[in-house]
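Remember, it's 1-based here, ligands and their atoms both numbered in the order they're listed. Count residues from 1 along the sequence. Reckoned from all heavy atoms, side chains included, excluding hydrogens, waters and symmetry mates. This structure is a prediction, so every number in the text was calculated from the model and none was measured.
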Amino acid sequence: MSATLPPGPKGPRALHTLGWVTRPGPYAARLRRRFGDTFTLRIANEADWVMVSHPDAVRQVFTGDPSVLHAGEGNAVLKPLLGPRSVLLLDGADHMSERKAMLPAFHGERMQAYGDLIAQIARHEVASWPAEELAIRPRMQALTLEVIMRAVFGVRDERLRRHVASLLDWTTDPARLLLVILAGPQRVGPLFQRVRTPVDDLLTREIARRREAPDLEERDDILSMLLAHSGMDDATLRDELITLLVAGHETTATALAWALERLARHPTAWERLRSGDEDYLDAVVKETLRLRPVIPIVLRLLKAPMEVAGYELPAGVAVAPNILLMHTRADVYPEPRAFRPERFLEQPAGTYTWIPFGGGVRRCLGASFALFEMKAVLREIAAGIETLRPDRAGSERVTRRAVTLVPARGARVIVAPRTAPARRAQPVPTGR
Ligand code: HEM
């Protein structure tokens with residue numbers, strides 16, 4: 001069977017795992033130079049991964065039969081934390097029906113409802129920045145947590161936020177994640193349960209309150225929309241709300257941190273952004289997610305043999321569209337290592353060549369939310385900050401933090417805020 005797998009590096013699995021975990025970008029680039037667009041990586045304790053990075057192969061995977069290409073199975077370790085009904089863990093018909101129930105809450109036009117809320121939270125955050133060096137990533141984590149709590153739950157509840165923040169730590173803190181992997185799902189279950197229970201209790205109360213709310217139909221937070229229209233029971237609702245927080249918080253914060261890390265080193269791009277050019281803002285967001293994708297690959301476990309990129313792959317292997325490699329193809333993106341937002345003014349982002357959110361029936365449910373939030377936050381930063389400089393000349397190294405690729409030093413920049421009274425902090429409104 002393995003004779004049909006594409007070529008790949010020889011030697012112990014531990015070595016490949018180390019290369020992939022510690023330096024995914026350079027390691028995958030080296031393997032592409034050696035083996036071409038399609039190669040096999042043997043990762044410890046995992047099915048063999050067949051990495052693909054040609055647009056035709058990625059199209060095949062993203063448009064392939066979802067009953068053959070499973071994505072949920074690979075996330076099973078998160079089950080005690082996300083809950084068994086999480087859309088991230090499901091496959092086949094169960095996944096499709098759950099996804100369908102959630103999709104309406106994420107339609108593009110729904111995002112407008114969050115515009116003012118995000119702008120206010122971002123303005124408040126920017127107004128608190130000191131006129132000195134600061135690390136952007138922790139700031140963006142606080143900001144995106146506030147946004148997602150308000151947009152998803154529609155509440156400002158300090159106790160819920162504290163419990164949610166400690167639950168989120170288990171998915172983002174590398175030391176804890178390593179513990180989870182080493183301990184294995186059996187031992188981790190009760191531990192995750194302890195973190196999850198207080199969040200469940202508070203959510204159960206909030207759901208009961210919300211079911212009775214006279215303005216339920218008019219509310220635009222995601223919990224209210226799912227309550228009013230999806231027909232989900234309480235347990236499913238809780239699992240999906242937590243899934244949205246886990247999937248949407250760290251990812252968006254990291255993408256925003258990268259945007260500022262790049263802009264601080266590209267003064268012309270920063271100035272053009274500050275001119276208020278909305279098309280350019282969109283291009284900056286797309287170029288950031290191209291050059292510094294937050295997630296390096298997506299995985300599909302084959303449940304039946306499938307032909308991909310000219311290889312007859314057996315069931316049991318995982319096919320992995322490699323986002324890092326796709327986004328650095330010189331035939332799609334000339335001068336692929338350059339940060340050049342203009343490229344997205346000259347050519348649209350391709351469905352199978354710009355893939356920071358994955359694709360097909362598993363494409364990120366929160367993609368429009370994330371893009372909308374990134375733009376709203378960058379708009380406020382551009383309006384509230386006069387100068388943005390890097391703390392030192394060289395680019396920040398890309399490093400892995402659990403499953404995301406983050407700036408090694410947290411995106412350290414030096415800012416000088418504008419001081420005009422119009423831009424001073426306004427209180428973040430209370431209520432929803
Ligand atoms: C810049 C920010 C984000 C990035 C880079 C990102 C990236 C991704 C990627 C790569 C996937 C897997 C797609 C695949 O397998 O093809 C995914 C799935 C998902 N994301 Fe995001 N995401 C972001 C923000 C968000 C936000 C804000 C939310 C929710 C509010 C969210 C909710 C989800 C969900 C629910 C899934 C699972 C979809 C499914 O399995 O059907 N994400 N995301």
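Counting atoms of ligand 1 from 1 in the listed order, those under 4.0 Å from a heavy atom of A255 are 1 (C). Ligand 1 places these atoms under 4.0 Å from at least one heavy atom of G358: 10 (C), 13 (C), 14 (C), 16 (O). When each atom of ligand 1 is checked for a heavy atom of R362 under 4.0 Å away, the hits are 13 (C), 14 (C), 15 (O), 16 (O), 38 (C), 39 (C), 40 (O), 41 (O).
Contact annotation: A71 has no heavy atom less than 4.0 Å from any atom of ligand 1. Proximity of H95 to ligand 1 is established by a heavy-atom distance of less than 4.0 Å. For the pair E240 and ligand 1, no heavy-atom separation below 4.0 Å is found.
At a heavy-atom cutoff of 4.0 Å, ligand 1 is contacted by the side chain of V298 but not by its backbone. Residue-level proximity to ligand 1 for R300 is carried by the side chain, the only part with a heavy atom below 4.0 angstrom.
Nearest to atom 33 (C) of ligand 1 among the protein's heavy atoms is A247 CB, 3.5 Å. Atom 8 (C) of ligand 1 has as its closest protein heavy atom C364 CB, 3.7 Å. For atom 4 (C) of ligand 1, the closest heavy atom belonging to the protein is F357 CE2, 3.5 Å. When hydrogens are left out, the protein atom nearest atom 7 (C) of ligand 1 is P356 O, 3.7 Å; that is the closest non-hydrogen contact. Atom 36 (C) of ligand 1 has as its closest protein heavy atom L365 N, 4.0 Å. For atom 23 (C) of ligand 1, the closest non-hydrogen atom on the protein side is T251 OG1, 3.5 Å. Shortest contact from atom 30 (C) of ligand 1 to any protein heavy atom: F106 CE2, 3.8 Å.
Aromatic ring orientation, F39 versus F35: tilted (interplanar angle from 30° to 60°). In this pair, W20 and W49 present their aromatic rings perpendicular. The plane angle is above 60°, beyond the 30 to 60° band.
By the 6.0 Å and 45° rule, R290 stacks over the aromatic ring of Y333.
Between R99 and ligand 1, an N or O atom pair is found at a separation short of 3.5 Å.
Two residues are said to be in side-chain contact when any heavy atoms from C-beta on lie closer than 4.5 Å; P80 and V195 fail this criterion. Counting heavy atoms from C-beta on, the side chains of L301 and D91 never come closer than 4.5 Å.
When the options H327, R343, R262 are evaluated for a side-chain hydrogen bond (donor to acceptor under 3.5 Å, both in side chains) with E287, the one that passes is R343. A side chain to side chain contact (heavy atoms under 4.5 Å, CB included) with V377 is found for one member of I121, L143, V126 and no other, namely L143.
Scanning both residues, Y27 and P9, for their nearest heavy atoms gives OH-CG, 4.0 Å.
For the pair R205 and D201, the salt-bridge criterion is not met [side-chain N within less than 4.0 Å of a carboxylate O].
Distance check: L160 CG to M149 CE gives 4.0 Å after rounding to the nearest 0.5 Å.
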